[in-house]
There are 2 protein chains.
Amino acid sequence: MTVREDIHSAGIPVLCQSCEARHRGVCGALDPDQLVGLAKTSSRHSVEPGSELIGDAETVDSYSNVLSGVVKLTKSLSDGRQQIVGLQFAPDFLGRPFKMESEINAEAATAVSLCSFPKTAIERMMKQSPELEHRLLKQTLNELDEARDWMVTLGRKTAAEKVASFLLMIARNIDPTLDPATNATSFDLPLTRADIADFLGLTIETVSRQLTRLRTDAVIRIDNNRHVTVDSLTRLASRSGA
Amino acid sequence: MTVREDIHSAGIPVLCQSCEARHRGVCGALDPDQLVGLAKTSSRHSVEPGSELIGDAETVDSYSNVLSGVVKLTKSLSDGRQQIVGLQFAPDFLGRPFKMESEINAEAATAVSLCSFPKTAIERMMKQSPELEHRLLKQTLNELDEARDWMVTLGRKTAAEKVASFLLMIARNIDPTLDPATNATSFDLPLTRADIADFLGLTIETVSRQLTRLRTDAVIRIDNNRHVTVDSLTRLASRSGA
DNA sequence: CAAGGGCTTTGACCGAAATCAAGGCATTGG
DNA sequence: CCAATGCCTTGATTTCGGTCAAAGCCCTTG
């Protein structure tokens, strides 16, 4: 069971008072008393696609729960080559505990809404509440797992398998209409072709060609360049290389 | 500062009684009283290169500190394609807290010595000692950082850059004779060409050819197929693509 | 020493994906 | 309505790394 599933199934809805929304991110680990303290300092934001959330530019001093939308984590080489090293969906927690040396950027891939807390507030709370740190450890272990799965994709899969794996991963994360009977599903791509290329270690052209192939082979349909309909998840999975 | 450096610089030597060795892994987070309890259940092992430490076969029910040697973490696709997703050096902590779903294998790349504890003992201790969980969180964050760095290497670097990056990483981790003056260093490769290929997402032949190129360009020397001498770390770094 | 096996190197050739180059198709704004 | 802009697709060509094949080099073992 992933952390995400765990939080969902635990079903701990927490009224985060400042952002006036019920959500289930890391806040779910706090007891009501603690939460009231935290809520006073939290605030809800909505940001445009493309906004930089964590970057080299401004030293960001806050943590956030992702309430909706998709955030991409990227790293770049000095000559501009870029790689997306992670995607965060609701209710993931966004931020860098204990300043790591690694330079990472976070950018809104879609419209994103966040509930943010000052770094100091979270860090104070973490000292008091082992349960909060435990939650964080679990999310981190989960992200590590995902990162390692993608290392296999990046290092050992063909372009066709990479694209199929990507679609499968997105479907699993934001699929609104999973139909177990027909084994079909549909969703909006949260990333542009360029982002997908940066995620899979390919070029835009190769991503486009592979999507075209999946379309002509009738594995998927794409409307408005965004909305994907997968006719058979199993057929897609069989092309993802395990 | 990496976790590894942190543990080293903190300089917390702990006498782990059962293995009768001073080491500084996760045990360093425990106070002496707790340690006595743990030490009763711990034991020191030495394993041959190639031994499987964590695998699909036997469900391993213990955690370990790596005392010396190098452990490779691998993942495989159903058709046998393999990817190394991490390397662990002393004093890293080896094991899977909270059973994750991801199937991962750990195998001794070199001769390895370990200090192992039963899973139950560590887990009991973790509930009592927030400091232990904190250490674990820090190591996990560090591994996540490393994994994401390698995603950039796997997705966006050329074969030449991959091999240079690999040598640089190994040098940083097990360099016994770093000479800041001449900027030179030397070390034994802990991995075979096949392992290096699995780590970098390349074939054996490509790894061999790139090493040959570095040799003919006088950036490195290799003796006995194992012992590498880097004449200029900066020159090597300049070939690693940042 | 010779034989054998495991690992590594090297060479010739091939192919998947990158690069280079147009062109299409929406949305936006004058 | 017609540029203009930003994505996306498609085609032609090139190239980097993979594949196939052979040989070299150690190291062990009889």
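Below, chain A is the first sequence line, B the second, and so on; all start at residue 1. Worth knowing before you read on, the calculation uses all heavy atoms, side chains too, and leaves out hydrogens, waters and symmetry mates.
- Just one of B/Glu103, B/Glu143, B/Glu146 meets the salt bridge (Lys or Arg N to Asp or Glu O under 4.0 Å) condition when paired with A/Arg148; it is B/Glu143.
- Within residues 212-224 of chain B, no residue approaches DNA chain D, by heavy-atom distance under 4.0 Å.
- In terms of heavy atoms, B/Phe187 sits closest to B/His227 at O-ND1, 3.5 Å.
- Atoms CD1 and CD1, on B/Ile170 and B/Ile196 in that order, are 7.5 Å from each other to the nearest 0.5 Å.
- Each of A/Thr158 and A/Glu205 was assigned the nucleotide of DNA chain C with the nearest heavy atom; the assignment lying further toward the 5' end belongs to A/Thr158.
- Look at CG on B/Leu202: it is 11 Å from P on D/dT19, rounded to the nearest Å.
- When the side-chain nitrogen and oxygen atoms of B/Arg193 are compared with OP1 and OP2 of C/dT8, one or more of them lie within a distance under 4.0 Å.
- Looking at A/Asp217 and A/Arg239, a side-chain N of the basic residue comes within less than 4.0 Å of a carboxylate O on the acidic one, giving a salt bridge.
- When the P atom of D/dC26 is taken as reference, atom NE2 of B/His227 falls 16 Å away, rounded to whole Å.
- Distances shown here put a side-chain N or O of A/Thr206 below 4.0 Å from the OP1 or OP2 atom of C/dA18.
- The two residues A/Arg213 and A/Ala160 make their nearest non-hydrogen contact at NH2-CB, 3.8 Å.
- No contact: B/Leu211 has no heavy atom under 4.0 Å from any strand.
- Relative to the side chain of A/Ala159, the nucleotides C/dA17, D/dG17, D/dT10 differ in distance, and C/dA17 lies closest.
- For A/Thr203, counting side-chain heavy atoms from C-beta on, the closest listed nucleotide (C/dA18, D/dC8, C/dA17) is C/dA18.
- We find that CD of B/Gln210 is positioned 7 Å from P of D/dG17, with the value rounded to whole Å.
- Other residues, nucleotides and ligands place more than 12 heavy atoms under 6.0 Å from the CZ atom of B/Arg215.
- Residue A/Arg226 is the one, among A/Arg226 and A/Arg209, whose nearest nucleotide of DNA chain D lies closer to the 5' end (criterion: closest heavy atom).
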